[in-house]
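These notes are about the structure you will find just below.
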Amino acid sequence: MTVNYVTILSLVVILIIVSLSVCLVIYRGRSKLRSSRADKLLNKNRDILKDLAGETNATDDEILDKFKDIDNIINAEIIIDNAAAQSHIPISHLGKYYDALGITDTYIDTLQHASSWEKRAFAAEKLGQIGSAKAVPHLLSIIMDTKNEDDDVRGAALRALGRIKDTRAIPALVDALGSPDTWLPPRISEILVSIGQETAPYLKEELKSSPSEPKRGLAAEILGCLEDKSAVITLMDSLSDISPEVRAKAASALCKIKDSGAVHVLLELL
């Protein structure tokens with residue numbers, strides 16, 4: 001019996017095409033079903049959408065009380081996500097609701113324990129959008145896990161960290177300046193600079209009392225980038241630091257701040 005390989009190959013191709021077509025139909029059907037359910041959910045909760053968009057005078061407690069009627073956390077997230085999208089505001093502006101309803105904690109748990117790197121990366125990205133300071137220690141832990149964590153997940157965590165500008169995150173970020181990873185402290189420095197003047201008190205304390213020479217040096221450098229005049233005295237004191245690098249960075253920071261009070265001290269060091 002002669003085997004017609006062309007016929008067999010044609011049948012295989014037809015079967016593959018049919019299978020893909022069936023999968024596509026099923027996918028579209030499920031997508032439409034999900035979309036339909038989401039539309040019904042949003043229509044049913046238009047009052048909450050208006051509250052979240054700031055169209056009413058509802059207080060945070062009143063808004064959260066309305067969420068008690070939402071049957072699960074996924075639906076609550078859909079409502080908040082859509083409120084942000086419809087109002088054309090960043091998700092982070094509604095971050096307190098993600099925190100209060102436990103959505104942030106769910107993503108933190110996924111980031112820590114999901115077996116799929118795609119899920120962990122997505123969780124990191126979402127945490128960056130939410131902008132909660134609660135996520136900072138966990139994102140830092142992921143970033144610094146160079147041995148076990150996937151590079152894509154660490155990259156997503158770093159991007160998320162850059163988006164979180166909650167001042168409650170400052171202590172954890174300042175502490176991370178002492179990381180042994182050579183690439184991380186400079187990136188943390190950029191994030192602290194982007195947060196702004198609120199970081200200055202923490203940086204001044206590091207400059208005065210940290211036993212770590214790299215941390216003191218970075219603290220001086222960031223204060224210079226911030227051009228924070230309240231740091232002038234602390235930086236002047238650091239001109240006598242035991243470390244030549246810290247002294248140099250303190251002098252450079254004073255030059256950026258351009259406070260006339262530091263001129264005589266710098267002249268003496270000549």
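Everything quoted here is computed from the prediction, not taken from an experiment. Counting from 1, the numbers follow the sequence of the chain as shown.
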Test side chain to side chain contact (heavy atoms under 4.5 Å, CB included) applied to F67 and I80, step by step: CA-CA 10 Å; F67 272 102; I80 304 175; 3.8 Å; yes

Minimum heavy-atom distance [X]-[Y], with the two atoms named:
{"X": "G162", "Y": "R187", "result": "CA-NH2, 4.2 Å"}
{"X": "L226", "Y": "Q197", "result": "O-NE2, 3.0 Å"}
{"X": "A124", "Y": "A160", "result": "O-CB, 3.1 Å"}
{"X": "L184", "Y": "S179", "result": "CD2-OG, 3.7 Å"}
{"X": "R120", "Y": "D150", "result": "NH2-CB, 4.2 Å"}
{"X": "I73", "Y": "L101", "result": "CD1-O, 3.5 Å"}

Take atom [atom1] of [X] as the centre, draw a 6.0 Å sphere, and report whether it contains more than 12 heavy atoms from other residues, nucleotides or ligands.
{"X": "I89", "atom1": "CD1", "value": "yes"}
{"X": "K66", "atom1": "NZ", "value": "yes"}
{"X": "N72", "atom1": "CG", "value": "yes"}
{"X": "K229", "atom1": "NZ", "value": "yes"}
{"X": "I233", "atom1": "CD1", "value": "no"}

Find the distance between [atom1] ([X]) and [atom2] ([Y]) and round it off to the nearest 0.5 Å.
{"X": "S132", "Y": "H138", "atom1": "OG", "atom2": "NE2", "answer": "9.0 Å"}
{"X": "L127", "Y": "R159", "atom1": "CG", "atom2": "CZ", "answer": "13.0 Å"}
{"X": "I79", "Y": "D51", "atom1": "CD1", "atom2": "CG", "answer": "11.0 Å"}
{"X": "L223", "Y": "L203", "atom1": "CG", "atom2": "CG", "answer": "5.0 Å"}
{"X": "D65", "Y": "I48", "atom1": "CG", "atom2": "CD1", "answer": "10.0 Å"}
{"X": "L173", "Y": "L140", "atom1": "CG", "atom2": "CG", "answer": "6.0 Å"}

Where the side chain of [X] meets the backbone of [Y], is there a donor-acceptor pair that is under 3.5 Å apart?
{"X": "S189", "Y": "P185", "value": "yes"}
{"X": "R247", "Y": "S240", "value": "no"}
{"X": "Q86", "Y": "A83", "value": "no"}
{"X": "S141", "Y": "P137", "value": "no"}
{"X": "T199", "Y": "I195", "value": "no"}
{"X": "S92", "Y": "G95", "value": "no"}

One thing to verify: whether [Y] and [X] come together as a salt bridge, which I'm taking to mean a side-chain N less than 4.0 angstrom from a carboxylate O.
{"X": "D81", "Y": "K126", "answer": "yes"}
{"X": "K96", "Y": "D60", "answer": "yes"}
{"X": "D151", "Y": "R154", "answer": "yes"}

Taking side chain as C-beta onward, heavy atoms only, is [X] less than 4.5 Å from [Y]?
{"X": "D145", "Y": "V153", "answer": "no"}
{"X": "N43", "Y": "R46", "answer": "yes"}
{"X": "K215", "Y": "L207", "answer": "no"}
{"X": "L158", "Y": "I142", "answer": "no"}
{"X": "I191", "Y": "I164", "answer": "no"}
{"X": "K208", "Y": "D237", "answer": "no"}

side-chain hydrogen bond (donor to acceptor under 3.5 Å, both in side chains) assessment of S116 paired with E118: CA-CA 5 Å; S116 165; E118 290 95 339; 2.8 Å; yes

Side chain to side chain contact (heavy atoms under 4.5 Å, CB included) evaluation trace for E77 with Y107: CA-CA 11 Å; E77 183 181 357; Y107 279 110; 2.5 Å; yes

[X] and [Y]: side chain donor to acceptor below 3.5 Å:
{"X": "S194", "Y": "E190", "result": "no"}
{"X": "S230", "Y": "D228", "result": "yes"}
{"X": "T167", "Y": "E198", "result": "no"}
{"X": "Y98", "Y": "D105", "result": "no"}

Option from K249, K256, R216 for which salt bridge (charged side-chain N to carboxylate O under 4.0 Å, His left out) with E221 holds: K249

Derivation of the side chain to side chain contact (heavy atoms under 4.5 Å, CB included) call for L254 and D259: CA-CA 7 Å; L254 287 168; D259 187 281; 5.9 Å; no

Side chain to side chain contact (heavy atoms under 4.5 Å, CB included) assessment of E206 paired with L177: CA-CA 10 Å; E206 284 297 319; L177 288 173; 5.7 Å; no

Hydrophobic cluster identity match, I242 and L218, side-chain contacts under 4.5 Å: no

